[in-house]
Amino acid sequence: MLRRIISLLLLLGACQAVHYTPDWESLDSRPLPAWYDESKVGIFIHWGVFSVPSYGSEWFWYNWKTQQLPALSFFMQENYRPNFTYADFAPQFTAEFYDPNKWADIFNASGANYIVLVTKHHEGFTNWPSKYSFNWNAMDVGPNRDLVGDLATAIRKKTKLHFGVYHSLFEWYHPLFLQDQANGFKTQDFVKSKTMPELYELVTQYKPDIVWSDGDWMASDDYFMSKNFLAWLYNESPVKDTVVVNDRWGNNTRCKHGGFWNCEDHFDPGTLLPHKWENCMTVDKYSWGFRRNTKLQDIHTMDELIEQLARTVSCGGNLLVNVGPTKYGEIAPIYEERLRQMGQWLAMNGEAIYGTKPWTFQNDTTTAGVWYTAKKSAEGNVVYAILLQWPEGNVLKLGAPQPSTETKVTLIGYKGTPFTFQKGSGGGMVINIPTITFDQMPGQWGWVLKLEGLSNQATVAPRVQDLLQKMNG
Ligand SMILES: *[C@@H]1O[C@H](CO)[C@@H](O)[C@H](O)[C@H]1NC(C)=O
Ligand SMILES: *[C@@H]1O[C@H](CO)[C@@H](O)[C@H](O)[C@H]1NC(C)=O
Ligand SMILES: *[C@@H]1O[C@H](CO)[C@@H](O)[C@H](O)[C@H]1NC(C)=O
Ligand SMILES: *[C@@H]1O[C@H](CO)[C@@H](O)[C@H](O)[C@H]1NC(C)=O
């Protein structure tokens with residue numbers, strides 16, 4: 001009898017667990033696991049056979065073969081024997097200095113809370129020993145090593161960061177893909193024998209908390225069988241409770257379906273979106289993969305990075321910052337420096353970023369270059385104003401925050417007294433900026449004012465609350 005009752009209870013429990021069906025209405029109803037929104041910052045890593053030529057971009061193969069960039073044909077003529085093929089680059093993907101523990105240290109020091117490693121780009125080379133990749137994977141040729149597994153292990157051993165994988169649905173030159181394409185995508189031989197088996201293998205083997213899909217534009221979600229994969233991912237996979245995915249699951253899904261939205265690369269709307277989104281962007285302005293001929297002026301400055309971070313988080317996004325390691329497995333010092341500098345900034349100012357929600361206003365209504373975030377704290381609600389420029393003169397006029405008699409204004413990282421202020425004549429507030437000596441300046445790349453006790457301090461405005469509700473499913 002007791003056993004019967006228990007099995008009945010178990011059955012009831014199982015019935016209550018949400019079961020997702022392979023259609024967007026059901027899949028889109030899954031709430032995004034909270035860790036993702038709270039994290040705010042991730043690191044993207046583009047690494048593959050394209051890291052061998054390290055010239056042009058990670059699209060080297062395609063841009064060379066289709067002669068999109070004549071410079072690439074010239075580069076090949078000048079530097080490689082005739083008949084050298086793209087596949088001939090693979091043995092030179094040596095990764096001899098690849099130390100996943102060192103990478104883990106750098107990513108952790110960046111202040112990021114997750115990473116997304118390219119496991120297979122459009123070239124089709126798998127950075128793990130996939131059962132579905134013959135001789136075009138990192139174990140059989142090149143590194144002779146499981147690049148994905150080794151980083152997953154190091155990240156989990158050394159840090160609390162979430163481990164995520166990037167994966168391209170299609171491959172430029174896979175014969176089965178080309179055949180399906182020639183058949184007008186009425187056949188699915190490539191998807192059934194490559195994309196899908198590979199995705200299931202990646203998830204069961206490495207248990208990623210993010211499946212970051214790409215290569216979506218070539219065919220529909222039906223062709224790629226994405227909805228079935230996602231239903232399995234959400235219902236049955238070993239990461240069903242923690243995993244998040246993006247929106248690139250077919251030529252009809254971007255900015256519409258999936259988990260968080262990436263929309264376009266470098267997506268930076270500058271306004272609040274009614275859905276969780278992510279701005280994936282690059283430290284090298286012109287490439288995701290490493291380029292040996294990158295110039296210093298091609299590298300984003302810290303001011304630019306902090307601006308991207310502030311704009312993105314204020315508008316409800318996460319920032320995914322990309323670096324491209326070298327073929328020999330190093331993260332070049334300029335990228336390491338940017339990541340560590342971002343970490344320095346976050347170590348001081350992280351309370352204005354991590355776990356925040358968008359405020360009523362995303363940026364100020366009077367002064368340009370001031371972006372807001374908000375947070376509930378034990379002492380009350382707090383609004384953070386991130387200043388991208390240090391105020392000129394000795395006052396800062398802000399239009400959005402309305403002060404009360406309780407209002408307190410402090411500069412994060414500054415040991416002096418709180419700043420004084422007056423009510424602005426047409427609303428808002430005028431903050432008096434004291435003279436601060438160089439040794440007392442909290443930093444050099446963007447400063448955060450903590451505004452407590454505002455009369456319009458509510459963490460989020462009703463309009464925003466509405467949007468956030470939609471955003472969280
Ligand atoms: C390049 O390939 C073509 C066709 O296979 C061959 O005829 C030619 O001899 C090759 N050239 C060299 C330099 O190997
Ligand atoms: C990771 O970074 C945090 C601060 O962001 C630090 O407290 C911690 O010691 C770091 N862990 C390692 C292993 O470096
Ligand atoms: C999406 O891909 C399908 C093939 O799967 C094709 O028939 C359709 O025209 C494409 N749609 C767009 C908007 O490109
Ligand atoms: C605030 O941001 C919006 C959208 O990015 C922009 O159009 C507007 O000019 C900004 N406001 C100020 C005062 O700079």
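Indexing begins at 1, ligand by ligand and atom by atom, following the structure's order. Note that the coordinates shown come from a computational prediction; the quantities given were computed from them, not determined experimentally.
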Requested in this report: Can you spot which of H121, K194, H122 makes a side chain to side chain donor-acceptor pair (under 3.5 Å) with E171?
Outcome: K194
Query raised in the report: Under 4.0 Å between a Lys/Arg side-chain N and an Asp/Glu carboxylate O for D105 and K158?
Result: yes
Query raised in the report: Do D28 and K256 sit within salt-bridge range, that is, some charged N less than 4.0 Å from a carboxylate O?
Result: no
Report summary line: Under 4.0 Å from one or more heavy atoms of A219, ligand 3 contributes atoms 2 (O), 5 (O)
**Report entry** Contact atoms of ligand 2, heavy-atom distance to K158 under 4.0 Å
**Finding:** 13 (C)
As a test of reading the model: which N/O atoms of the protein lie under 3.5 Å from N/O atoms of ligand 1, and at what distance?
residue	atom	partner	partner atom	Å
ligand 1	2 (O)	N83	OD1	3.4
ligand 1	2 (O)	N83	ND2	2.1
ligand 1	11 (N)	N83	ND2	3.1

Query raised in the report: Within the structure, does N108 bring an N/O atom to less than 3.5 angstrom of an N/O atom in ligand 2?
Result: yes
Query raised in the report: Is the gap between the ring centers of F170 and W217 under 6.0 Å?
Result: yes
Report task. Would you please indicate if the ring centroids of W288 and F44 are separated by under 6.0 Å? Result -> yes
Query raised in the report: Considering residues, nucleotides and ligands other than F163, do more than 12 of their heavy atoms fall under 6.0 Å from its CZ?
Result: yes
Query - Electrostatic pair D265:R248 at N-O distance under 4.0 angstrom - result: yes
Report summary line: Within 4.0 Å of some non-hydrogen atom of S220, the atoms of ligand 3 are 1 (C), 2 (O), 3 (C), 4 (C), 5 (O)
Query raised in the report: Are more than 12 heavy atoms from other residues, nucleotides or ligands located less than 6.0 Å from atom NZ of K131?
Result: no
